[in-house]
Amino acid sequence: MDTPLTTIAVVGLGTMGTGIAEVLARAGREVIGIDVSEAAARQAVASLEASTTRSVRRERITEQERSDILARFRTFSDLRAAAEAELVIEVVPETYEIKQQVFRELDAVVSPTAILATGTNALSVTRLAAESQRPERVLGLHFFNPAPAMKLVEVVSSVLTAPPAVETVTRLAHELGKEPVAVGDRPGFVADGLLFGYLNQAAAMYEANYASREDIDAAMKLGCGLPMGPLALLDLIGIDTARTVLEAMYTASHDRLHAPAPVLGQLSEAGLTGRKAGRGFYTYDAPGGQTVVPDALTPAESAGAVTGRTVSSVGVAGSGTMASGIAEVFAKAGYAVVLAARSQEKADTAKARIAKSLGRSVAKGRLTEEARDETLALITPAGSLDSFADVDLAVEAVAEDLEIKRELFQTLDKVCKPGAVLATTTSSLPVVAVARVTSRPEDVIGMHFFNPAPAMKLVEVVRTVLTSDEVHATVREVCVKVRKHPVDCGDRAGFIVNALLFPYLNNAIKMVEEHYATLDDIDAAMKLGGGYPMGPFELLDVVGLDVSLAIEKVLHGEFRDPGLAPAPLLEHLVAAGCLGRKTGRGFREYARR
């Protein structure tokens, strides 16, 4: 089945179909664009004319090359135009009825050797193939939007697909400059299968009024390095589209994490489907617009808000990487810092780590030697928490163990002066549990910094039901002064970032357990198709599999959702001592240094 694929038909000339047609025409293929709407066909031609004009202006192609590309793209309104195509890619609306009708008509038109590809990201390729007279030549070819820019293409095989057909379109994807990933037939495939579960959880988090839309989006951008927050991305994708994909995923998996959040249905039914409608989770300047405009949910200016307490000195408890990083952050911002550890030697070692970090900044030209010396002079290492007697803010960054933290807070309660704010950097433990061991739970709050603290801009500000407004205001003001972005969230497991990140990581592990896709293909899919800076298995090995398992257990214990139960493969690797980069082996093996 060594089909040359020189002439390719694209059925459906919406945004995706037009993008695929452009990719094919630029790569030298003869492209037959088919759409029942003549207006859509005209728009597709106009789009190609505009994009190639920009390419000429930027000197990426010549005027002659532009003319050749345009000449290779012809549009029609009748499916019979696909008769000469060796490959047909359909990207019509996401319903079985429409797609099956297209496949039935194509069966009567195309040659027996032609390959039929569906661009679906939610429907069953197997079900579509079974309706065809040539199921062995039907497969999925899932491009990502915008098709000219996005490198990922998921090549989807059903149990009926002949391997030579897969090989042919995989070779085509490489020739188009894309990165093909081979996947089986399940709703969402790899990239959307992982992405939409995460988006659904974010929508549910917003619906529960746990955090604002702005804070949810900022947390995931700043905490995970994502190009867009989940709610803004839902608006871009289309809330109705997301709901359709999730319905298909839930039908297949019966996993509650895939059951569409009610807010998605409510917004869809109201016609508030995102950017294309001018309003979704956010409000835009016009239907199809990209600029967010203020609406009734936009946070008001802070004028008249509660004023925080004065903070001029800070105590940081701990001697590890996080404690050193937090102490560096505060000292750089001009705060007098007491860095307390279990011994003077450990405290001195932690300060030396800060000196080394500042030294690297000097070497890179980011900091002057004078500024380095001034920062170090503000840090006083101490071997006892007694040194916190006069600090205005005490921040603990010790081991993630509830009993250790409780004991430390009992000591802080005795040592720190009245009015001092007591903060924990826990990423998974209940803040109220440490607050209750003090005589001043109203002064206790969570300040979850991200590692490495000097570089990461996010701080999750976690208030309990007992935290005072004044303490909350104090911590937010301090975050701004140390050039961090504070986001507010309540005192529940995972806060914002970990509650959304770790179920996604856990689902990626389940894909490998089920032999659905390889580690490399999943990592490639999420980087190329989702814009993630790291694939899930790269990230798990960096974070540490033991740390990841501990967070998964906390999330499962709090929310009791079966879908959050840690993947057995993760538990087995941890039990075997394969903890990631720090041990030289996790999901992958690493060279020992």
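Treat the numbers as computed from the prediction; the structure is a model and nothing was measured.
Between the side chain of Asn121 and the backbone N or O of Asp192 there is no donor-acceptor pair closer than 3.5 Å. Looking only at distances, a side-chain donor or acceptor of Lys351 sits under 3.5 Å from a matching main-chain atom of Leu376. Not a single donor-acceptor pair under 3.5 Å links the side chain of Ser319 to the backbone N or O of Ala347. In terms of modelled atom types and a separation under 3.5 Å, the side chain of Asp541 and the main chain of Phe587 share a donor-acceptor contact. Side-chain atoms of Lys510 do not come within 3.5 Å of backbone N or O of Ala567 as any donor-acceptor pair. Judged by distance alone, the side chain of Arg483 and the main-chain N or O of Val480 form no donor-acceptor pair under 3.5 Å. Although no hydrogens or angles enter the test, the distance criterion places a donor-acceptor pair under 3.5 Å between the side chain of Thr411 and the main chain of Glu407. Judged purely by atom type and a 3.5 angstrom limit, Tyr282 has no side-chain atom pairing as donor or acceptor with the backbone of Thr291. Judged by distance alone, the side chain of Asp215 and the main-chain N or O of Cys489 form no donor-acceptor pair under 3.5 Å.
Contact between Thr307 and Glu470 at its shortest, heavy atoms only, is O-CG, 3.7 Å. The shortest heavy-atom contact between Arg309 and Asp443 is NH2-OD1, 2.9 Å. Taking every heavy atom of both residues into account, Gly197 and His258 meet most closely at CA-CD2, 4.2 Å. Minimum heavy-atom separation, Lys484 to Val459: CB-CG2, 3.7 Å. Shown here for Gly563 and Leu257, the closest heavy-atom pair between the two residues is O-CD1, 3.6 Å. Across all their heavy atoms, Asp488 and Ala211 have their closest contact at O-CB, 3.8 Å.
In this structure the side chain of Ile237 reaches within 4.5 angstrom of the side chain of Leu199, judged on heavy atoms. Using a 4.5 Å cut-off on side-chain heavy atoms (C-beta onward), Leu267 and Thr273 make no contact. A heavy-atom distance below 4.5 Å is not found between the side chains of Thr298 and Thr283. You'll find the side chain of Arg360 reaches within 4.5 Å of the side chain of Lys356, heavy atoms only. Thr426 places a side-chain heavy atom less than 4.5 Å from the side chain of Phe495. Contact check for Asn498 versus His448: side-chain heavy atoms found under the 4.5 Å cut-off. Side-chain contact between Gln201 and Leu501 is absent, with no heavy atoms from C-beta onward closer than 4.5 Å. Residues Pro536 and Ile522 are in side-chain contact: their nearest non-hydrogen atoms beyond the backbone lie under 4.5 Å apart.
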(request) Give the intermediate values and the outcome of side chain to side chain contact (heavy atoms under 4.5 Å, CB included) for residues Met205 and Ile216. (result) CA-CA 8 Å; Met205 180 180 283; Ile216 291 171; 4.0 Å; yes
(request) Evaluate salt bridge (Lys or Arg N to Asp or Glu O under 4.0 Å) for Asp240 paired with Lys276, printing each intermediate quantity in order. (result) CA-CA 11 Å; Asp240 52 341; Lys276 59 188 175 186; 2.9 Å; yes
(message) Walk me through whether Glu94 and Thr244 qualify under side-chain hydrogen bond (donor to acceptor under 3.5 Å, both in side chains).
(response) CA-CA 8 Å; Glu94 198 76 346; Thr244 298; over 6 Å; no
(message) Lys553 vs Glu558, test: salt bridge (Lys or Arg N to Asp or Glu O under 4.0 Å). Steps then yes/no.
(response) CA-CA 9 Å; Lys553 286 181 174 178; Glu558 173 128 333; over 6 Å; no
(message) Pair Val478, Phe330 - check side chain to side chain contact (heavy atoms under 4.5 Å, CB included), show working.
(response) CA-CA 9 Å; Val478 167; Phe330 280 111; 3.5 Å; yes
(request) Could you walk me through whether Arg588 and Asp523 pass the salt bridge (Lys or Arg N to Asp or Glu O under 4.0 Å) test, one step at a time? (result) CA-CA 12 Å; Arg588 294 185 174 89; Asp523 276 355; 2.9 Å; yes
(request) Decide side chain to side chain contact (heavy atoms under 4.5 Å, CB included) for Glu571 and Glu552; before the verdict, give the C-alpha distance in whole Å, the side-chain angles of both, and the deciding distance to 0.1 Å. (result) CA-CA 10 Å; Glu571 295 186 298; Glu552 288 289 354; over 6 Å; no
(request) Could you check Tyr284 against Asp235 for side-chain hydrogen bond (donor to acceptor under 3.5 Å, both in side chains), going step by step and ending with a plain yes or no? (result) CA-CA 10 Å; Tyr284 299 87; Asp235 276 356; 2.7 Å; yes
(request) Begin with the C-alpha distance, continue with both residues' side-chain angles, and end with the deciding distance and a verdict on salt bridge (Lys or Arg N to Asp or Glu O under 4.0 Å) for Glu538 and Lys527. (result) CA-CA 11 Å; Glu538 290 177 288; Lys527 289 192 290 185; 3.2 Å; yes
(request) Verify side chain to side chain contact (heavy atoms under 4.5 Å, CB included) between Lys417 and Phe388, making sure each step is shown before the conclusion. (result) CA-CA 8 Å; Lys417 66 186 181 183; Phe388 282 12; over 6 Å; no
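Here the CG atom belonging to Leu339 is positioned 9.0 Å from the CZ atom belonging to Arg353, to the nearest 0.5 angstrom. Note that the CG atom of Leu505 and the CG atom of Leu545 stand 10.0 Å from one another [nearest 0.5 Å]. Between atom CG of residue Leu422 and atom CD of residue Glu442 there is a gap of 9.5 Å, rounded to the nearest 0.5 Å. The distance from the SG atom of Cys224 to the CZ atom of Phe450 is 7.0 Å, given to the nearest 0.5 Å. Between atom CD of residue Glu513 and atom CG of residue Asn507 there is a gap of 10.5 Å, rounded to the nearest 0.5 Å. Interatomic distance, CG of Asp295 versus CZ of Arg279, reported as 7.0 Å (0.5 Å rounding).
Side-chain atoms of Tyr206 and Asp217 include no donor-acceptor pair closer than 3.5 Å. Asp413 and Ser439 share a side-chain donor-acceptor pair at under 3.5 Å. Checking Glu328 against Thr375 by side-chain atom types alone, no donor-acceptor pair falls below 3.5 Å. A side-chain N or O of Asp392 and one of Ser312 form a donor-acceptor pair less than 3.5 Å apart. For the residue pair Ser428 and Glu400, a side-chain donor N or O sits within less than 3.5 Å of a side-chain acceptor on the partner.
In this structure, the ring of Phe196 has its center no less than 6.0 angstrom from the ring center of Tyr250.
Exactly one residue among Val461, Thr474, Val487 makes a side-chain contact (heavy atoms from CB on, under 4.5 Å) with Cys479. That residue is Val461.
Taking the charged nitrogens against the carboxylate oxygens, Lys582 and Asp546 do have a contact shorter than 4.0 Å, which makes a salt bridge.
Annotation: cation-pi pair Arg492/Tyr210 present, NZ/CZ under 6.0 Å from the ring centroid and within 45° of its normal.
The aromatic rings of Tyr198 and Tyr504 are tilted relative to each other, their planes meeting at an angle between 30° and 60°.
Enclosure of atom NZ in Lys221 is not indicated, since only 12 or fewer non-hydrogen atoms of other residues, nucleotides or ligands lie within 6.0 angstrom. More than 12 heavy atoms of other residues, nucleotides or ligands lie within 6.0 Å of CG in Asp401, so this atom counts as buried by the packing criterion.
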